[in-house]
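First up is the structure itself, then whatever we jot down about it.
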Amino acid sequence: MDSNYSMFAKLYDRLFDLDLYRDWDHFVQTNVDSRASKRVLDLAGGSGRLAVLLAKQGYQTTLLDLSSEMLSLANQHAEENHVRLDLIQADMTDDWPLVDSFPLITSFADSLNYLPALQTLQQTLIQVFHHLKKGGKFLFDVITPYQVKVGYDNYMYNNDDDPTHIFMWTSFPGDDVNSVDHDLKFFVYDDQLDAFKLVREIHHEQTYPIKKYIAILEKIGFTNIKVTADFGRSPVSDQTTRAFFSVEKA
């Protein structure tokens, strides 16, 4: 893991607020039947932070992600927490290399917003439907057009809590409607060079009105569609920044 992306993955994972994963875990626990089978697929689960929390609560957890670097981090976090994760490397927009279906599938942390077009979003949701057991639930979240247009308007965030790992995040409107581009930079101090090394990525996110998500879900066949805000604690409004979905396969 010596590539530029490997370093970025490690730095980004270390920076992420662990309280957010606890909130996502709370959303899962409040939306599943405690008597249901404890098997879950965490889709685009990244470094496995949520997957580990679920595994520690007795879930048989499978994590699917495109990035081998993120899967390596997930394996590391699982070993550190003495739990087991089934790790699958795959593109969530393609046919998944999975035989089993799951009573619960989750996908959080903007994962679906990283899909570049409506077609790839639909392809992914179809795969979710195919791999969800009858009566099973799919829980996910997405940023809203309000977050893109208002929350990320001229957005800038700097973090220099660790003077050897300085982070800068700037957001710009994307070319497409309801899209945003994030310029993410880490400046990492190199002792040998006595200078900072730049590790940089541009992340593109795309979202749609909540009604559009509902229409796509209904077309695919999902039922009992519930949308909330604030990790399920509040109803949605025209100023909701992140929408939380709970849907079922009838």
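Note: hydrogens, waters and symmetry copies are ignored here, and every other heavy atom, side chains too, is used.
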Residues 214-228 side chain polar contacts: donor-acceptor under 3.5 Å, at least two apart:
unit_1 : atom_1 : unit_2 : atom_2 : d
N224   : ND2    : E248   : OE2    : 2.9

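- Both W96 and L121 belong to a single network of hydrophobic side chains, linked directly or stepwise wherever heavy atoms of I, L, V, M, F, W or Y lie under 4.5 Å apart.
- Of all heavy-atom pairs spanning A243 and I210, the tightest one is CB-CD1, 4.0 Å.
- Contact check for T144 versus Q147: side-chain heavy atoms found under the 4.5 Å cut-off.
- No continuous path of hydrophobic side-chain contacts links V180 to F172 [ILVMFWY only; heavy atoms under 4.5 Å].
- Taking the side chain to side chain contact (heavy atoms under 4.5 Å, CB included) definition, one finds that Q29 meets it with D25, V32, L54, Q57, Y59, sequence neighbours left out.
- In the displayed structure, E80 atom CD is contacted under 6.0 Å by more than 12 heavy atoms of other residues, nucleotides or ligands.
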- Task: Start with the C-alpha gap between R242 and D110, add the side-chain angles, then the distance that decides, and say whether side chain to side chain contact (heavy atoms under 4.5 Å, CB included) holds.
- Result: CA-CA 9 Å; R242 182 181 296 274; D110 298 17; 2.6 Å; yes
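- Within the 3.5 Å criterion, the main-chain N or O of Y208 finds no donor-acceptor partner in the side chain of N178.
- For D19, the CG atom is densely surrounded, since the number of other residues' heavy atoms within 6.0 Å is greater than 12.
- Under the rule for a salt bridge (charged side-chain N to carboxylate O under 4.0 Å, His left out), the partners of D162 that lie at least two apart in sequence or sit in another chain are R14.
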- Task: Quick one: do H26 and F231 satisfy side chain to side chain contact (heavy atoms under 4.5 Å, CB included)? Show the steps, please.
- Result: CA-CA 8 Å; H26 175 78; F231 297 90; 5.6 Å; no
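- Counting heavy atoms from C-beta outward, D153 and K149 have side chains that stay 4.5 Å or more apart.
- Applying the ring pair (Phe, Tyr, Trp, His ring centres under 6.0 Å) criterion to Y114, with sequence neighbours excluded, gives H203.
- Residues Q119 and Q123 bring a donor and an acceptor atom of their side chains to less than 3.5 Å of each other.
- When hydrophobic clusters are built by joining Ile, Leu, Val, Met, Phe, Trp and Tyr residues whose side-chain heavy atoms come closer than 4.5 Å, directly or via intermediates, F8 is not grouped with L71.
- In this structure, the side chain to side chain contact (heavy atoms under 4.5 Å, CB included) partners of S179, at least two apart in sequence or on a different chain, are D176, H204, Q206.
- Shown here is D17, whose CG atom has more than 12 heavy atoms of other residues, nucleotides or ligands within 6.0 Å.
- Between the side chain of T207 and the main chain of I143, a donor-acceptor pair closer than 3.5 Å is present.
- In this structure, the side chain to side chain contact (heavy atoms under 4.5 Å, CB included) partners of A51, at least two apart in sequence or on a different chain, are D42, T61, L63, L85.
- L41 and V83 are assigned to two separate hydrophobic clusters, defined by single-linkage of ILVMFWY side chains at heavy-atom distances under 4.5 Å.
- When every heavy atom of D181 is checked against every heavy atom of P173, the shortest pair comes out as OD2-O, 4.2 Å.
- Not counting sequence neighbours, the partners of D230 by the salt bridge (charged side-chain N to carboxylate O under 4.0 Å, His left out) test are R233.
- Listed by first and then second residue, the ring-ring contact (aromatic ring centres under 6.0 Å, His included) pairs involving residues 133-156 are F138-F140, F140-F245, Y152-Y155, Y152-H182, Y155-W169 (not counting sequence neighbours).
- A heavy-atom distance below 4.5 Å is found between the side chains of V28 and L104.
- Atom OG in S101 sits 7.0 Å away from atom CZ in R39 (nearest 0.5 Å).
- No donor-acceptor contact under 3.5 angstrom links the side chains of S171 and Y157, judged on distance only.
- The same ILVMFWY cluster, assembled from side-chain heavy atoms under 4.5 Å apart, contains both F244 and V40.
- D161 is linked by a salt bridge (charged side-chain N to carboxylate O under 4.0 Å, His left out) to nothing, counting only residues two or more places apart in sequence or in another chain.
- Side-chain atoms of T93 and D91 form a donor-acceptor pair, as typed in the model, at a separation below 3.5 Å.
- Considering CG of N75 and CE of M70, their distance stands at 14.5 Å, rounded to 0.5 Å.
- Every residue meeting the side chain to side chain contact (heavy atoms under 4.5 Å, CB included) condition with P97, not counting sequence neighbours, appears here in chain and number order: I88, A90.
- Of the possible polar contacts, one joining the K249 side chain to the F129 backbone as a donor-acceptor pair under 3.5 Å is found.
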- Item | Worked verdict on F27 versus W24 for ring-ring contact (aromatic ring centres under 6.0 Å, His included) | CA-CA 5 Å; F27 179 72; W24 279 311; 9.9 Å; no
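- Heavy atoms only, all atoms of each residue included: L132 and K137 are closest at CD1-O, 3.3 Å.
- Rounded to the nearest 0.5 Å, atoms OG (S47) and CD (Q76) are 9.5 Å apart.
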Contacts under 3.5 angstrom, residues 183-190 side chains, donor-acceptor by atom type, not counting sequence neighbours:
unit_1 : atom_1 : unit_2 : atom_2 : d
D183   : OD1    : R200   : NE     : 2.9
D183   : OD2    : K185   : NZ     : 3.0
D183   : OD2    : R200   : NH2    : 2.7
Y189   : OH     : D194   : OD1    : 2.3
D190   : OD1    : Q192   : N      : 2.9
D190   : OD1    : L193   : N      : 3.2

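- Between T62 and F102, the shortest heavy-atom contact is OG1-CE2, 3.8 Å.
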- Would you please test Q122 and L125 for side chain to side chain contact (heavy atoms under 4.5 Å, CB included) and show each step? CA-CA 5 Å; Q122 291 173 328; L125 293 176; 5.8 Å; no
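- Here the closest heavy-atom approach between residue M92 and residue S111 is recorded as CE-O, 3.5 Å.
- Shown here are the salt bridge (charged side-chain N to carboxylate O under 4.0 Å, His left out) partners of R49, two or more places apart in sequence or in another chain: D13.
- Closest approach of A9 to E69, counting heavy atoms only: CB-CB, 4.3 Å.
- With contacts defined as side-chain heavy-atom distances shorter than 4.5 Å, the pair L18/Y21 qualifies.
- Here the straight-line distance linking atom OG of S68 with atom CG of L87 works out to 11.5 Å at 0.5 Å rounding.
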- Item | Stepwise side chain to side chain contact (heavy atoms under 4.5 Å, CB included) test for L43 and Q127 | CA-CA 11 Å; L43 181 61; Q127 285 298 306; over 6 Å; no
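- Looking at heavy atoms from C-beta onward, V148 lies out of side-chain contact with E205 at the 4.5 angstrom threshold.
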